Amino acid sequence: MSGDAASSQHPPAPPAYDPAAIETKWQQIWRDQGTNHTDLKGGKNPFYALMMFPYPSAEGLHVGNLFAFTGNDIYGRFHRLRGHTVFEPLGYDAFGIHSENYAIKVGEHPMRLIPRNIANFRRQLERAGLMVDWRYAVDTTDPSYYKWTQWVFIQLLKKGLAYKKKAAVNWCPSCKTVLANEQVVAGECERCATRVEQRQLEQWFFRISEYAPRLLANLEKLDWSHTTLTAQRNWIGKSEGAELRFGIREAPAAEPITVFTTRPDTIFGATYMVLAPEHPIVDVITLPEHRGAVDAYRERTASQDVVARKVNKDKTGVFTGAHAVNPATGQAIPIWIADYVLMEYGTGAIMAVPGHDERDFAFATTFSLPIVRVVAAAGETAQTPLIEACHQDRDGRLVNSAQFDGLSVADGMREIVAWLAGKGAGKAVVNYRLHDWCISRQRYWGPPIPVIYCDACGPQAVPEKDLPVILPDISDFRPDDSGISPLARHESWYHAPCPACGKQGRRETDVSDTFLDSGWYFLRYPSADRSDVPFDPALTKKWLPVTSYIGGNEHAVLHLLYSRFLTMVLHDLGLVDFEEPFAKFRAHGLIIKEGAKMSKTKGNVVVPDRLIDEWGADAFRTYLMFLGPYEEGGDFRDQGMSGVRRFLDRLWLAAHDASTDGKPDPIVIRKLHQTIRKVTEDIPALSYNTAIAAMMEYMNTLRKGERAVQRAEVEPLVQLVSPFAPHIAEELWSLFGHSESVFDAGWPSWDAALVREDTVQLAVQVNGKLRGTLAVSPDVSQDDALTLALAEPSIAKFVTEGPRKVVFVRGRLLNLVV
RNA sequence: GCGGAAGUGGCGGAAUUGGUAGACGCGCUGGACUUAGGAUCCAGUGGGGCAACCCGUGCGGGUUCGAGUCCCGCCUUUCGCACCA
């Protein structure tokens, strides 16, 4: 030390905490030493800490991404410190309409744009100090990745789980493109406000609906956020009911029409039938004099966009002229078509029971169709008039239902289904709302669906040895008027020999949905360095199912459901030995900005780069975790950052002051052990905000009255803070003379005996009202506590007579009832 | 309309799951050190009241010795889904 005069009296001022310098320094050391590399083959106690990979937008990372990733990073780092080999990979979900639309907007090719975005994301992610093993990064747009996405498609095709059918899509005639439902706003294209139409296109589907019962049943076994499980249950939408068969009066020999209903008990009230306009039997049954009206209505329905049809609740429809025979009453009832019946749910046909269904009631009222009461709730009779549909009738009794009168709704269902089944007119069935997954996109920016059409042999899967089917780099990737994918215009790519006969065939020109890319990426990570297999069996067995998955609840349904489905299929194919990919899933919350949702239009988007420049990544990470419960999100306020930064500043100073190895203060040590326990319990529960609060509390104790701190008091705090603020933790850990990374130094433990307080404040209540506290030993007896309490005048004055009853909670509370 | 989540100081949020409401942080007030402070440190900070005390967790009831927490009925916010038969 170069002793100037001042330093002989005052210790030299420690170097200032300079986050930019130490963060760059440690990120470099981590890279050089492979600190974040996971030993996938040899590592003991594997822990796969997965986070949902981001879409690398042109704007760069936003706080929401970093909030999600930091939460996962803390979880991963913590488990590493607790002795697990943690694998924390990250990648980019870079295909899809979002990128493509942006590319079109700025007039740049996505193949040029995306790599730049990815490079920028990578830079930002590294700045944030994530414990990611970048050797296993995946990029869904890289042929070495989508080769295997195409392979997944082929596995489903071979198993008969992929098929083609015509389906309605939203079409914007101005943008000349297919729109997703969320891009249709009030029946108009969200970008150009043109009226959206419906088009019928041949599309590829996966038979996920076949898996509905298993996808539902397995939910019981998953350790997932409750809200996510509920969302999945609702989406799968199991409903128990019956399929009932109605003969056609005008064509007694024809195949009866089957309807699905959840209320077979109300069949005596079925006064008409409605078919979806698209129902194939409409062509057969419509009488000539009604043909014109029916065709016009069907055309009108077809021209409507898919969203508008479902949003418009006004009842419209036309009569076909034909009649069905109600199998219960034997009566002929008119058959109508109406757009409120959807072809994709149930059988595309309903028996309308206007007395007990709101929609049917509205329709019957509009078209003056008969309404019959068949259930009477408490206080009602068979004659009680219906002024609106009586659908809250589950505990009512059947009426106007012949021999079933008087039965409860539940009994009526069972007996009527049995009766109709006996006549061959029905059976009990379970129906699911979940429909098959449409994976076709008539777009450019996605993996080509690996199929070749041959006039002689039909559709053929591209042989696995020929994968990947490379997405060609074409300059005109915009969609056009035809509704056919841009790839079809690329002649040299479009024509390909049939894999079966070798004659010239045509490639499938649709690309697949991005949810297919993300539906299996967690399988790829551990094997990302392998070009010969999609996933290595031994590594997969060791690392999967994913130990912990953290992500946003916006993917509660689709992404998580599709991933489960694909995993289940791969399991059935014998390719993986588990059915469920994610043993544990937790949904993180949403970050808002000063009470409002962040959005570009509001201009209140928080840019991480700027904040990291100003405060450092450690303070930024810690603040994100401090501003609210992780699973609920929080309100980002610029002012709040100073609090956590101050905490890190004080930690820095404390560590530099603590070079003396003096005797630690027992009071401080007790607080330390309490803090270790609190942080150790809070992190696995994702209660990051309270863990940080506990460390701040400890800091207040540690520095109280500017007391001199001892090394043994600070050193464990450096370890506790390390998952949150990894760079400063490494710097201070090395300051204490350690040569290994703090992340290889284990986790401090607490001593239960040291945690225990000698005295506690026992609350004393009189009639449940707090009247004072007593400083007593935690295991003071009721009698002693009572004596002490009554000796206290401020308490005793409320006890005018002997207490009638005494409630005593050891170490907590004494309540005197007078 | 259906389903989920949530309502606590000026603000973000704690509360051992029925036991001292408001931890921690922001902000604010006062003080110390300063040429200076948007730095640092110390103290205070739910409302009312001189005080003893009283009131207080969206609203109204209830259970209990005791309710932010449990039950019943409302209101509000918010996120999904939405003619699902």
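This one's a predicted model, so the numbers in the text were calculated from it and none came from an experiment. Quick note: numbers below take in every heavy atom, side chains included, and nothing from hydrogens, waters or symmetry partners. To find a chain, count down the sequence lines: A is the first, B the second, and so on, and within it residues start at 1.
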A:V341 vs A:R771, nearer the 5' end of RNA chain B by closest nucleotide: A:R771
Taking OP1 and OP2 of B:rA85, is either one under 4.0 Å from a side-chain nitrogen or oxygen of A:H356? no
Judged by modelled atom types alone, do A:S209 and A:D436 share a side-chain donor-acceptor pair under 3.5 Å? yes
Please check the phosphate of B:rA21 (OP1 and OP2 only) for any side-chain N or O of A:K769 closer than 4.0 Å. no
Whole-Å distance between B:rG12 C1' and A:R637 CZ? 5 Å
Return yes if a side-chain donor-acceptor contact under 3.5 Å exists between A:N767 and A:R804, otherwise no. no
Of B:rC26, B:rG4, B:rC53, the nucleotide closest to the side chain of A:S642 is B:rC26
Distance in angstrom units between A:L770 CG and B:rC53 P, rounded: 11 Å
Inter-nucleotide P distance (B:rU8, B:rG13), Å rounded: 9 Å
Give the rounded distance in Å between these two atoms: CD1 of A:I692 and P of B:rG12. 18 Å
Is A:T773 touching bases, backbone alone, or none of the nucleic acid, heavy atoms closer than 4.0 Å? base
Nearest-angstrom distance from the residue atom CG of A:N689 to C1' of B:rA23: 11 Å
Give a yes/no answer on whether the side chain of A:R233 brings an N or O atom under 4.0 Å of OP1 or OP2 in B:rC81. no
Within the 4.0 Å heavy-atom criterion, would you say A:Q765 contacts the bases, only the backbone, or no part of the nucleic acid? base
More than 12 heavy atoms of other residues, nucleotides or ligands under 6.0 Å from CG of A:L786: yes or no? yes
Proximity to the side chain of A:R650 - top-ranked nucleotide from B:rG3, B:rG13, B:rC41: B:rC41
Between B:rA15, B:rA85, B:rG19, which nucleotide gets closest to the side-chain atoms of A:T690? B:rA15
Heavy atoms under 4.0 Å, any strand shown: does A:K678 hit a base, just sugar-phosphate, or nothing? nothing
Would you indicate, yes or no, if B:rC2 has its OP1 or OP2 atom less than 4.0 angstrom from a side-chain nitrogen or oxygen of A:N234? no
Between A:D360 and A:K315, does at least one N-O distance fall below 4.0 Å, as a salt bridge requires? no
Assigned chi class of B:rU17 under the 90° convention is syn
Can you label the angle between the A:F363 ring and the A:W336 ring as parallel, tilted or perpendicular, going by 30° and 60°? perpendicular
Go through B:rC53, B:rG27, B:rC83 for me and flag the one nearest to the A:R646 side chain. B:rG27
Rounded interatomic separation in angstrom, taking CD from A:Q674 and C1' from B:rA23: 13 Å
If we take the C1' atom in both B:rC55 and B:rA21, what is their distance in whole Å? 14 Å
Atom-pair distance (CG on A:L816; P on B:rG19), nearest Å: 19 Å
Of the candidates B:rU20, B:rC24, B:rC83, the side chain of A:L342 sits closest to B:rC83
Counting heavy atoms from C-beta on, name the nucleotide in B:rC24, B:rG4, B:rC83 closest to the side chain of A:E697. B:rC24
Between A:R703 and A:G634, who's closer to the 5' end of RNA chain B by nearest nucleotide? A:G634
For B:rC28, the nucleotide meeting Watson-Crick or G-U wobble distances (both under 3.5 Å) is B:rG44
Roughly how far apart, to the nearest Å, are B:rG3 and B:rA82 at atom P? 16 Å
What nucleotide among B:rU20, B:rA14, B:rC26 has an atom nearest to a side-chain atom of A:P629? B:rA14
At less than 3.5 Å, do the side-chain atoms of A:E554 and the base atoms of B:rG80 form a donor-acceptor pair? no
Do any side-chain nitrogens or oxygens of A:S239 fall under 4.0 Å of OP1 or OP2 in B:rA85? yes
Find the distance A:L813:CG to B:rA67:P and express it as a whole number of Å. 12 Å
Examine distances only and state if a side-chain atom of A:W235 and a backbone atom of A:L558 form a donor-acceptor pair shorter than 3.5 Å. no
Would you say B:rG25 has OP1 or OP2 under 4.0 Å from some side-chain N or O of A:N700? yes
Polar contact flag, side-chain donor to acceptor under 3.5 angstrom, A:T301-A:D339: no
So what does A:V764 hit on the nucleic acid, given a heavy-atom distance under 4.0 Å: a base, only sugar-phosphate, or nothing? nothing
Selection from B:rG4, B:rC65, B:rG25 that lies nearest to any side-chain heavy atom of A:F626: B:rG25
Starting at atom CG of A:L275, determine the distance to atom C1' of B:rC83, rounded to an integer number of angstrom. 16 Å
Among B:rG12, B:rC83, B:rG19, which nucleotide has an atom closest to any side-chain atom of A:D339? B:rC83
Consider the side chain of A:R433, meaning its heavy atoms from C-beta on, and name the nucleotide among B:rA82, B:rA85, B:rC24 that approaches it most closely. B:rA82
What's A:Q761 touching, base or sugar-phosphate or nothing? Going by heavy atoms closer than 4.0 Å. base
N/O (side chain, A:K797) to phosphate O (OP1/OP2, B:rC53) under 4.0 Å: yes
Please check if any side-chain donor atom of A:T227 sits under 3.5 Å from a side-chain acceptor atom of A:N553, or the reverse. yes
Contact under 4.0 Å: A:R263 side-chain N or O vs B:rA85 OP1/OP2: no
